[in-house]
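Every chain is numbered from 1, with letters handed out A, B, ... down the list of sequences. As the structure is a computational prediction, the values presented were derived from the model and not from experiment.
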Number of protein chains: 2
Amino acid sequence: MNIEIISIGDELLIGQTINTNAGWMGEQLLNAGMRVQWVSTVGDEYDHLVDALKLAESRADFVLMTGGLGPTHDDITKKVMCDYFNAKLILDQEVLAMVQERFRKRGIVMVKVNEDQALVPDKAEVIKNQMGTAPGMIFRKEGKSFYVMPGVPFEMKVMMADAIIPDMISRYRGVFSVRKTLATTGIPESTLFETMGDIAKIERFARVAFLPDLAGVKIRLTAAGQDHDHARRNLEEAEKMVRGNIEKFIFADDDIKLEEAIARMLIENKKTLAVAESCTGGLISNQFTNIPGSSSFFIGGVVSYSNNAKMELQGVPQELLSEYGAVSEQVACAMAAGARKRFGTDYAISTTGIAGPSGGSTEKPVGLVCVGYTDAQETVARRYMFFQDRLGNKARFSQAAMNLLRTRLLSRKE
Amino acid sequence: MNIEIISIGDELLIGQTINTNAGWMGEQLLNAGMRVQWVSTVGDEYDHLVDALKLAESRADFVLMTGGLGPTHDDITKKVMCDYFNAKLILDQEVLAMVQERFRKRGIVMVKVNEDQALVPDKAEVIKNQMGTAPGMIFRKEGKSFYVMPGVPFEMKVMMADAIIPDMISRYRGVFSVRKTLATTGIPESTLFETMGDIAKIERFARVAFLPDLAGVKIRLTAAGQDHDHARRNLEEAEKMVRGNIEKFIFADDDIKLEEAIARMLIENKKTLAVAESCTGGLISNQFTNIPGSSSFFIGGVVSYSNNAKMELQGVPQELLSEYGAVSEQVACAMAAGARKRFGTDYAISTTGIAGPSGGSTEKPVGLVCVGYTDAQETVARRYMFFQDRLGNKARFSQAAMNLLRTRLLSRKE
């Protein structure tokens, strides 16, 4: 059975909004054993949306649509669906009551266009919106289902989880598929490919895909089977073959971020961390504190852009700064040691470098970073060169510091 | 003339990679006066890619494709293009030399699959890849152009800027369009819509779209015209009408972030800023330091998750913490004042709150935040409630603190 997503909105076509919804939906569906085949993105144009619907109906069994359900004039999805399914709008008293209650709770005056949110097509099953005003809708036609959701991510997500995925599972007939991701770092994609051995052999059991990004290369294995167990056995066979030659580059056996892998290690060993950042400007702290429950291991961080701040807040001696410069292994070590002392943690890491686009020199070019690590026994630093733009460099610097921490934690365990 | 983007890769369908390329390309093309009509996303499947090509050829004049050019077996785009255009692969000596040079410079051994990157279809114009190993390609057919690029964002971006957009501009014939975005904050979408007046009147001059996100609502105006001047005049007329009633909610008249608007104000007035963060965990520092040149106004920040860190590093008196609790206006004020003193800045802002999912209580629920602001004359705090998930709350908290700063800076100016 085939699945298509139709993402609606001019803002997606002109890049004012990045289409994160489609990816999120694809991931959730795969976790439920179902694969998306197509994503079609169209603007707020009546004819284009109708054409996309026709195409989707011709090739997919499930069509998931997001966007264009808002209260303003450029939201045309409900009108298109009414015309496409020859339906009329009727007032849904339950939805109206929910919308009114919502405005009452927030203490905001409800304007006329919000009432229109309670108008629903008479041929649709209505999905209540727990997080906003626009209800979702399900249309059925010749065994095919069309799900219509708002484009606002957190409204869509609740509808997907509560109503749509359960509905799809109950109707889905097809091959079951399972997947696993092995997250690697410190090895380029092409080397990984050659090191891994005979892909054709591995692919007898599972499809292999390589996903490189600023944080490393992820290897995704997808196996199919007649039932869950069969698919799972194929996946395990493929994983064993993949791991053979590249074990040491794998930092996690699921699709998680490096900071999440580190968080697991710290929580498991009841250890704490502090961060001293210069060039990464708070990124590392932000990444760690994005993890729910991070307060159990992440104690705090300091972001120092000026030399004064490095001396005052991170305990870096002025002599080091003048002798070696702010971007040096020595200062990276002093920053890490200073942060560990200040925050009283087991470990601390640090970054000092030049993210660009300006501020570089021949000796210390844009992309240069020194990252530091310290614990009760040792303080070490590493120097790296990267070649990205400002945000890319910040991301690489952060990864380098985290990976230094990860490898030191591993060597502690041995 | 119509433009279609085809994004290729299983990882996009299952959400392992978010399709940021399509949005970026749409934005760049619009800046060059051209609008994307469709984005089709397909997996690494031969037949699906061929179907997408056929559909695109039937409706678009320009087809931009990204992805599937890597060195591994799951990259099928080059093969599909060869078959579709009946072309043969030939070795391009120039590309081979570039690939070899690239590996030599990085000091990495070049493996066999990398050599294959220098095989190009004999019917394609080759676009050199300045940032990676896979060359881009242009195919022509009956006045239509097909551009093929790698999916790696920074490789694609350089090709777009250097080769593809110039090529498209030289071939593009059609209506010229211009756009402008007015960024608002502190007013919900529906209220904005009703306050703005007669949309139909405004739309005689420009299309109006509302783009709500965690940072506020952006209003995008898109005007068309026979030439650039005509389009520009229509846009100006529409902007004047829009601004009439909602002027005070607009923080920028281009598509920038709140931190960028604040950065402009600080740089213009040669003022400096420090940040004391608890619940936002480095996010605000990270947002400010994402801005190139931020070192001219952003001095530093402290991230304190524990009460000890708040006392030690942010100068928050223990009495305040025990009397009012960490999440209180009093502690927010003390954190801001402490950071301003520590870093010696003109202004400082602070956040203390509960991002969730755990850590809330009846009195201080998840979503509660206090944000603080201080300068030489005053120290103030505000209390807000938000209803997002952890990352959403962090984003809203950050916006609330920044907006407090923005409104205080504006009142200073008056």
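For a residue to count as touching a neighbouring chain, one of its non-hydrogen atoms must lie under 4.5 Å from one of that chain's; by this rule B:Ser295 touches chain A with backbone and side chain alike. Only the backbone of B:Ile291 comes within less than 4.5 Å of a heavy atom of chain A; no side-chain atom from C-beta onward does. With a 4.5 angstrom heavy-atom cutoff, B:Asn290 touches chain A via backbone and side-chain atoms both. Proximity to chain A (any heavy atom under 4.5 Å) is shown, for B:Gln287, by neither the backbone nor the side chain. Only the backbone of B:Thr280 comes within contact range of chain A, judged by heavy atoms closer than 4.5 Å. With a 4.5 Å cut-off on non-hydrogen atoms, B:Arg342 touches chain A through its backbone and its side chain both.
A heavy-atom distance below 4.5 Å is not found between the side chains of B:Ser190 and A:Gln117.
Screening B:Met25, B:Gln28, B:Arg35 for a side-chain contact (heavy atoms from CB on, under 4.5 Å) with A:Ile14, the sole residue that qualifies is B:Arg35. Of the options A:Leu13, A:Leu12, A:Val42, a side-chain contact (heavy atoms from CB on, under 4.5 Å) to B:Val39 is made by A:Leu13 and by none of the others.
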Open item on the list: Does A:Thr222 form a side-chain contact (heavy atoms from CB on, under 4.5 Å) with B:Asp10? I'd like the steps, not just the answer.
Closed with: CA-CA 11 Å; A:Thr222 312; B:Asp10 283 358; over 6 Å; no
- [ ] Would you check, one step at a time, whether the test side-chain contact (heavy atoms from CB on, under 4.5 Å) holds for A:Val111 with B:Phe193?
- [x] CA-CA 10 Å; A:Val111 292; B:Phe193 179 68; over 6 Å; no
Open item on the list: Checking B:Gln16 against A:Leu30 for the side-chain contact (heavy atoms from CB on, under 4.5 Å) test, could you report, in this order, the C-alpha distance in whole Å, the side-chain angles of both residues, the deciding distance, and whether it holds?
Closed with: CA-CA 11 Å; B:Gln16 201 143 15; A:Leu30 195 68; over 6 Å; no
